[in-house]
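Hydrogens, waters and symmetry mates are skipped; everything else that's a heavy atom, side chains included, is used. Because the structure is a prediction, the values reported are computed rather than measured.
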Amino acid sequence: MGVTTFERPVSLMRALGSVLEDAGVTDRQLEVIVVDDASTSSEAMQAWAELEDRAARSRIPLRLVRHSVGSGGASAGRNDVIDLAKGHFVFFLDDDNYFADGALVDLLGYLSRSSSDWISVRRSRGGRSYFLAPEVKHDAVSREAALWTFLAGGAFRVDYLRAHGIRFDPTVNRGEDAEFVLNVASRSERFSVLSDRDYFVEANPDNDEAPHISQALRGVDFIEVLLSHLSRMFRIIEHAPVAEAERLVLRRKVLGRGMGPYQLLQKVAGVREDRIALELADRLREVVLDAVGAAAAMEWATTAGRADAMVALLARDLSALRRSLA
């Protein structure tokens, strides 16, 4: 179990409590590695001292790693976890998330029998569950089905990651989950999805703790970050050792993510200054054409009900793009 943290002592203790205090978990089933990205607050330092004391007497092996210089995100710490892990699988748990009651025991039992390289799990946030239907344990799913989620909150086979040199990009602190997951999904063929119950809860940091990194950017800066992220995702696909038909499936999946959850068309159209909006639209157009081409882009847009917007984007017609999304 790998937990990366920065300036979230209250949330961290909650996350670790959901793991270390589960009486159904034995020391033979699990080790926990906590990586702190150079927190300096008195509250974080006090919590770290408490963890050092706890590590000395913990029933479940608890290893603590502390960066002397902050890396600015979770990627470097997660790579530490991959390098240090002694078990067959590594599960990445964010410091502001925690396991649902009884879920860890169920997960460990499943992992002991699994031959998959990536096992994603159902999660809940704000009382709503997110999962791949139906609500069962999916022992073997396709590459496309495995990408029902782009979050790294799941279990990954350590030997597979090491053998293929799959790591988080330490220079990326926004979109790193999706890029890591896509790297795994575009190379492996063994995936499972546990949708039978909520395994972990996505929560928010305490009010006095460090906010999510994604909340620090808005407007044009955020759009530029998303465009760079989308470009990297498509480059991962280009280098994937898969047949062209599979590559097309992955491209369409990523395109849908960029235009759907990321809402890049709407974000670009919403930029008030015409010159900047057109520059961003041109960048998005270039990314789309290089990755999938006009025909595939229009096919996706028609299915998604965004045909007029895609026509406007490809024609470099900013006014029409705005009208289509009004």
Side-chain angles (χ1 to χ4, degrees), residues 1-2 29-30 78-79 81-82 85 87-94 97 99-100 103-125 129-169 175-200 202 232-258 260-261:
M1 182 70 61
Q29 291 178 294
L30 182 70
R78 288 172 173 172
N79 288 340
V81 172
I82 295 171
H88 297 296
F89 289 93
V90 58
F91 189 103
F92 299 109
L93 182 68
D94 288 350
N97 298 338
F99 272 91
L104 184 54
V105 172
D106 288 351
L107 174 64
L108 292 173
Y110 187 87
L111 295 182
S112 69
R113 305 183 300 272
S114 177
S115 61
S116 293
D117 296 319
W118 173 30
I119 301 94
S120 59
V121 300
R122 171 172 163 170
R123 67 189 189 277
S124 69
R125 182 174 184 85
S129 295
Y130 297 85
F131 58 92
L132 175 71
E135 298 180 55
V136 299
K137 288 183 171 74
H138 303 266
D139 292 323
V141 300
S142 68
R143 179 176 283 116
E144 183 177 11
L147 287 171
W148 73 274
T149 180
F150 280 85
L151 290 182
F156 300 86
R157 188 173 294 278
V158 175
D159 287 348
Y160 186 85
L161 299 179
R162 291 172 178 167
H164 292 82
I166 299 175
R167 297 292 190 276
F168 290 86
D169 186 339
E176 70 273 15
D177 277 43
E179 293 172 32
F180 177 83
V181 160
L182 183 61
N183 254 315
V184 174
S186 64
R187 284 164 172 74
S188 176
E189 296 181 350
R190 301 186 301 180
F191 314 104
S192 298
V193 180
L194 305 186
S195 298
D196 57 311
R197 59 163 297 164
D198 291 335
Y199 282 83
F200 70 92
E202 285 187 297
R232 291 193 299 270
M233 294 278 277
F234 283 125
R235 284 200 296 272
I236 290 170
I237 295 171
E238 287 309 303
H239 293 95
V242 296
E244 188 57 34
E246 284 283 288
R247 204 182 310 279
L248 181 59
V249 169
L250 292 173
R251 288 183 188 128
R252 288 174 174 168
K253 193 82 172 181
V254 170
L255 177 65
R257 182 170 177 81

Side chains of [X] and [Y], heavy atoms from C-beta outward: is any pair under 4.5 Å?
X	Y	value
Phe131	His138	no
Leu151	Glu202	yes
Arg252	Arg247	no
Phe89	Ile119	yes
Val181	Thr149	no
Ser192	Tyr110	yes
Ile82	Asn79	yes

Verdict with reasoning, Leu104 to Leu108, per side-chain contact (heavy atoms from CB on, under 4.5 Å): CA-CA 6 Å; Leu104 184 54; Leu108 292 173; 4.0 Å; yes
Which is it for Phe168 and Asn183 under the side-chain contact (heavy atoms from CB on, under 4.5 Å) test, yes or no, and what are the steps along the way? CA-CA 9 Å; Phe168 290 86; Asn183 254 315; over 6 Å; no
Verdict with reasoning, Phe180 to Ile236, per side-chain contact (heavy atoms from CB on, under 4.5 Å): CA-CA 10 Å; Phe180 177 83; Ile236 290 170; over 6 Å; no
If every non-hydrogen atom of Val242 is compared with every non-hydrogen atom of Ser186, which pair is closest and at what distance? CG1-O, 3.2 Å
Is a donor on one side and an acceptor on the other found under 3.5 Å between the side chain of Arg190 and the backbone of Ser115? yes
Between Arg122 and Ser129, is there a donor-acceptor pair closer than 3.5 Å when you use the side chain of the first and the backbone of the second? no
Sequence neighbours excluded, the answer for side chain to side chain contact (heavy atoms under 4.5 Å, CB included) partners of Ser142 is Glu144, Ala145
Kindly write out the residues that satisfy salt bridge (charged side-chain N to carboxylate O under 4.0 Å, His left out) with Arg197, not counting sequence neighbours, or none if the list is empty. Asp106
Please enumerate all residues that pass ring-ring contact (aromatic ring centres under 6.0 Å, His included) together with [X], with sequence neighbours excluded.
X	value
Tyr160	His164
Tyr199	none
His88	none
Phe191	none

Strictly below 4.0 Å, N to O, side chains only: are Glu244 and Arg251 in salt-bridge contact? yes
Could you please spell out the steps behind the side-chain contact (heavy atoms from CB on, under 4.5 Å) verdict for Val121 and Phe91? CA-CA 10 Å; Val121 300; Phe91 189 103; 4.2 Å; yes
Does atom CD of Glu189 have more than 12 heavy-atom neighbours, drawn from other residues, nucleotides or ligands, at distances under 6.0 Å? no
Salt bridge (charged side-chain N to carboxylate O under 4.0 Å, His left out) between Asp177 and Arg78, intermediate numbers included: CA-CA 10 Å; Asp177 277 43; Arg78 288 172 173 172; 2.6 Å; yes
